[in-house]
Protein chains: 6
Amino acid sequence: MRILLVNPNTTETMTDKAAFAACAVAASGTAIIAATSRMGPVSIEGHYDGALAIPGLLSELKERAGEYDAAIIACFDDTGLDAARSFADVPVLGLCESAVATAGFLAQRFTVVTTLERSRVLIDNLVRRYGMGGRAKVRASDIPVLQLEDPASGAIGKLRAEIERALAEDGAEAIVLGCSGMTDLARELQDIYGVPVVDGVAAAVKQAEALVSLGLSTSKRGSYASPLAKPFTGAMSVFAPMRAAG
Amino acid sequence: MRILLVNPNTTETMTDKAAFAACAVAASGTAIIAATSRMGPVSIEGHYDGALAIPGLLSELKERAGEYDAAIIACFDDTGLDAARSFADVPVLGLCESAVATAGFLAQRFTVVTTLERSRVLIDNLVRRYGMGGRAKVRASDIPVLQLEDPASGAIGKLRAEIERALAEDGAEAIVLGCSGMTDLARELQDIYGVPVVDGVAAAVKQAEALVSLGLSTSKRGSYASPLAKPFTGAMSVFAPMRAAG
Amino acid sequence: MRILLVNPNTTETMTDKAAFAACAVAASGTAIIAATSRMGPVSIEGHYDGALAIPGLLSELKERAGEYDAAIIACFDDTGLDAARSFADVPVLGLCESAVATAGFLAQRFTVVTTLERSRVLIDNLVRRYGMGGRAKVRASDIPVLQLEDPASGAIGKLRAEIERALAEDGAEAIVLGCSGMTDLARELQDIYGVPVVDGVAAAVKQAEALVSLGLSTSKRGSYASPLAKPFTGAMSVFAPMRAAG
Amino acid sequence: MRILLVNPNTTETMTDKAAFAACAVAASGTAIIAATSRMGPVSIEGHYDGALAIPGLLSELKERAGEYDAAIIACFDDTGLDAARSFADVPVLGLCESAVATAGFLAQRFTVVTTLERSRVLIDNLVRRYGMGGRAKVRASDIPVLQLEDPASGAIGKLRAEIERALAEDGAEAIVLGCSGMTDLARELQDIYGVPVVDGVAAAVKQAEALVSLGLSTSKRGSYASPLAKPFTGAMSVFAPMRAAG
Amino acid sequence: MRILLVNPNTTETMTDKAAFAACAVAASGTAIIAATSRMGPVSIEGHYDGALAIPGLLSELKERAGEYDAAIIACFDDTGLDAARSFADVPVLGLCESAVATAGFLAQRFTVVTTLERSRVLIDNLVRRYGMGGRAKVRASDIPVLQLEDPASGAIGKLRAEIERALAEDGAEAIVLGCSGMTDLARELQDIYGVPVVDGVAAAVKQAEALVSLGLSTSKRGSYASPLAKPFTGAMSVFAPMRAAG
Amino acid sequence: MRILLVNPNTTETMTDKAAFAACAVAASGTAIIAATSRMGPVSIEGHYDGALAIPGLLSELKERAGEYDAAIIACFDDTGLDAARSFADVPVLGLCESAVATAGFLAQRFTVVTTLERSRVLIDNLVRRYGMGGRAKVRASDIPVLQLEDPASGAIGKLRAEIERALAEDGAEAIVLGCSGMTDLARELQDIYGVPVVDGVAAAVKQAEALVSLGLSTSKRGSYASPLAKPFTGAMSVFAPMRAAG
């Protein structure tokens, strides 16, 4: 089974970290194909960055079509997830959706700890849409995304402080790490705090493997129907769907 | 007051129709500046089209920055609304959000009638997020968007049949037209059915005028904070934010 | 366009303040007709006051019928709004509904700051009914309504302290002032705190202008159908509907 | 124990019917004191009638203060319930709230069948506020309230037809009769349909008895705090609260 | 009227306390029949204890069938309530459901104070299912259930501290005692804090009396249909239903 | 990895069918250990059957403790799931929870088709608690569970008819089979209807594998804390927890 992991921001070190985490949990027959977006923001912090990361994400999905059995969008904002599901003929997983569904099997109440305040409401909206609004809180720890790449930034201390507040104030029974750049910290934090700590990259790999092995893929009836054939103009013309809708 | 109305699809006849509707309701001191996206799909039908319409939308907002006091995104899917609000220093309105807020002043229960089934759940998700999920239903009338430009298509008959079902089965007290291509039909349908019929283009113009005249604009605290200065790469590099976050 | 602004309490200085605020934002062709209820409580603090303010409110609407194109109920509790909508042939706006709809265009999360604790849950119930329960919190600042008329009361200090708590603890991206007596403070507070501060009087004027100019009025199908002709007895006999239901 | 049952409309035959139903279920030590409003509409159909029934209701509560241990508002719209609870020092029960709470002990899903379409959304809003929105549907049977007083009106046939639709289409496990004028039909309908049929008058009597015998009364902390002493003007001056707030 | 009060844990002192509380509020014609489960945990703290208390509970209901007109499950977790309702031909009441419904007549917002953190989410889930999730918070006071039987345990001090937090931080207008072992404290706490304090045992007695006197019982249509006749094996064979489903 | 699949009803042919389905999707290193409850109902149809199936379920989990790395409860009602999670030191999965989480990755709106009406509301309550209430409907197809074991029963025809109604009336984009006895039909139905058809047994196997391979297990902080050591009496004494709580 081939899983395409696309980092929708353009920072390769983040792709590498996510791919490493994905490989670490992949089943023996699973190949992780890592791809970094070639156009868009170097990190995704808020709605503007996220919207402009989607063409780069879809471009990777499109150019490698036929080369993968499932895809993962390696950003906790689930950037472009609906568009990718409409486009692809194979299952597509987001980190947030995978992580909160996974946490739901482990705990009745949990907290997502993300980076910046500007991402907090965005993720809270996702959590509600995925049905976990009554069970999960979202907290920001005031860490710019790329600081997670820098051990000297103090980012981990801020993250730990926020996890401790979640445990003390939210009644959190588990923690979800709300940024793909935190993927390498999950095990250690789980050991420290003695509660399940869910990483979205790992969760998404397992959900992708599950769907492929069950022969399940995105419904093409209704809201994720394949794009209708139609012209796209200008710089976006390369994205014009070439086939009829399913 | 200058309101920039951007059609995020690239079909100029749809821009013209929306601009005509906007001008028809604009206050005497309001100038409507119509713009058509120069890159992306010729119509927005579903998540894939919508995501790829956003760069074209943002491009219009960006190039005309300083030339408008508020902006309207002339698509009922509220394509790119969050990104546009983060980007702009002036209020930005979507058709769906404006229309359902307006309908909420007129009726306790109402129905949105849109085009294709693939857009129905997308709009239903918006309606829920805007807080009207308990008051509004969304129906699709099986009309491809561009058929609304063709009087011979039978589209109006399908739309009327769906409105009649909404009145008979949903207990609808008002109707919201769920596509910018229906903007020219609102008055006539209101006369026929004797219930308020809300058009998103007109509603958005009024909300834009309201916000500007009240000196209110998008909060830059929290989820709509201005994009952080950072590099964007490849074909998206033109979108890199150049200023510091607010 | 003539907008009737009815203060449902009987304190004329509050009417004057609200009328001043309304005139300050009214479009050039809009005339604000201010009316003060002639029967009922001198201020509306809680359910009992509110219920007994409704006859006075409806009396103003009734006696001036035909003289206005829209009406505003100048109390943040939206006192009698449903009854007024059923009665009137023209649009009727409440301050709370107008303000929270307006805030929804500016911020994803916001806080309403009202006067007394006894009004907090009442307004919270309104906010939920209007669909903003997931996006807005309501706080009381322990200010009796009429203290807002007295500069020496310390009321503004209490209000500011509560706004500061909302910003620090709620993640509020905008503030809604939850009493018509606060209408004169909006601009100043917006300047101080750097977030949108929405005043219900101003918001309602703009929504009234919007509906009238769009040719939209309350649906007479369903829950806001015109009152059925029937006798009313005793002191209420003057309110008996004289026409057939719509 | 003395329970004051106030009919907030001015039709004495409806009071008589409700009082008869109340007496039929009252415990041996319970006295039912029936009162008919002396000012307001002859029946309550929609928001306008309801709002103008409140002074007459409160007047009965006020004039008989000290003569009753609990009060029931004998209208399924729970007209003036919040105001009455704020006013009274004893428990106050509404029919809708009592009936749906009672039905909740009997069935996981149920349907309320009321009279006119104009009352349907009003009651649906109550049902949601009381927390039963996810468990109960509300249906209208197109019966003007006073037709329930006329055996030749065909009203019962319409009511039965609507109950049958509720059983067939809603998965209703129980039925709530959504008008005080239906109180005499509950037993017979329960026998016919073999599901619990809950009448609001009877349910409210039992809840009133329960609260009084448990020594429980409306909280005077927060939203139902006693009205603050203040002037009321004009025709409403008689309602001015004379005591300090609790 | 005979009400069977079954304590689903096997500690007779807790049965005695609950029976005493039940008798104290029972109407003159009501006989309280107290029963203690003869198999299962000595106290119910969390999901595991609760599930294993159900056979003992059902056994009591089954062996005394025909000897009671209604039943109460004397545990605030509403242990086995759905199963008991399916089994019994008479009304069955839980403490949590009865208490929160009762509190709903007294206050718009209230707080349930229970024992251990492990019961908090369990009760919160019940509160949501009963429709009070938007009106009630649940707090744990860190008291093992059986400490409530020991005056020297300091349990009451912990309980009072938690009630004080609820009043100060939650805006609670009333308090619900979230354990049957607290039943003897309700009156005293109500006197101390001046807000309604609702005890589940007392509330359930009144609801049971109400349903029986109204001739209402659990619907046997739909989810509470009588168990279908079928074999049960092993140690559970005694529970096999012997009659056809209703 | 060893996954214990416990059928909580006592019908071995159903265990066999579920085990066969589990083995068919298990990864190469996964061993499925099938167990049939030795005490309780031969099928689980409604709340009463379900509650009395829990001791048999827990007994299997308890006796085989240490022999498995994860457990699956092979009944779509998620019978005893909370108790099992509290008891076990390893992940425990239910069919309903696994299936609806899986369907959520494939479709925005879907329908669960179960057997009898008496199970419909029970499952609907689960679906809501798992957060899918806004996205999923539940339908009953009027099939007694054990008829699914009998090819001549006509059960499959009824199931197909209900699926067809779901597609036509609910806007379902995917189907979830709401009974473990339907597990063998998933592939065929998916081929017939061209939408994803999710079987709970298969979904649960994959979720179990995912959690084990990720090193995640049920949180022991909060609501799923290990049972406290305490006596259990009578026939349940064997279930007394022997260790201290986590």
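Within every chain, numbering begins at 1; the chains are lettered A, B, ... in the order of the sequence lines, protein sequences first and strands thereafter.
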inquiry  = Please check this pair: side chain of F:Arg135 against backbone of F:Gly104, looking for a donor-acceptor N/O pair closer than 3.5 Å.
reply    = yes
inquiry  = Please check this pair: side chain of F:Ser43 against backbone of F:Val145, looking for a donor-acceptor N/O pair closer than 3.5 Å.
reply    = no
query = Do you know which of E:Thr10, E:Asp124, E:Leu146 has the most heavy-atom pairs under 4.5 Å to chain F?
reply = E:Thr10
task = For chain F, find which of E:Glu117, E:Glu45, E:Arg120 contributes the most heavy-atom pairs closer than 4.5 angstrom.
result = E:Glu45
ask   = Between E:Asp170 and E:Thr111, do the side chains contain an N or O donor and an N or O acceptor separated by less than 3.5 Å?
value = yes
query = If we ignore angles and hydrogens, is there a donor and acceptor under 3.5 Å between the side chains of F:Glu149 and F:Thr13?
reply = yes
For residues [X] and [Y], report the shortest heavy-atom separation together with the two atoms involved.
{"X": "E:Leu5", "Y": "E:Ala22", "answer": "CD1-CB, 3.7 Å"}
{"X": "E:Thr115", "Y": "E:Ile143", "answer": "CB-O, 3.0 Å"}
{"X": "E:Ser223", "Y": "F:Val121", "answer": "CB-CB, 3.7 Å"}

ask   = Which bit of E:Asp82 is near chain F, if near means a heavy-atom gap under 4.5 Å: side chain, backbone, both or neither?
value = both
Just give me the residue among [options] that pairs up with chain E most often, heavy atom to heavy atom, under 4.5 Å.
{"options": "F:Pro41, F:Gly234, F:Ser37", "answer": "F:Pro41"}
{"options": "F:Pro231, F:Ala84, F:Gly80", "answer": "F:Pro231"}
{"options": "F:Gly46, F:Gly222, F:Ala240", "answer": "F:Gly222"}
{"options": "F:Arg221, F:Lys230, F:Arg129", "answer": "F:Lys230"}

Positions in residues 47-61 of chain E that reach chain F, provided some heavy atom is under 4.5 Å away = E:His47, E:Tyr48, E:Asp49, E:Ala51, E:Leu52, E:Ile54, E:Pro55, E:Leu58
ask   = Could F:Glu97 and F:Arg85 be called an ion pair, given the rule that one side-chain N must be under 4.0 Å from one carboxylate O?
value = yes
Measuring heavy-atom distances to chain E, does [X] have an atom under 4.5 Å in its side chain, in its backbone, in both, or in neither?
{"X": "F:Ser237", "value": "neither"}
{"X": "F:Leu116", "value": "side chain"}
{"X": "F:Arg38", "value": "backbone"}

inquiry  = In the structure I gave you, are the side-chain heavy atoms of F:Val112 and F:Phe76 within less than 4.5 Å of one another anywhere?
reply    = yes
key: Residue pair F:Asn9 / F:Ile44, side-chain heavy-atom distance below 4.5 Å   = yes
ask   = Would F:Val127 and F:Cys96 count as a side-chain contact (heavy atoms from CB on, under 4.5 Å) if you check the C-alpha gap in whole Å, the side-chain angles of each, and the deciding distance to 0.1 Å?
value = CA-CA 8 Å; F:Val127 167; F:Cys96 178; 4.3 Å; yes
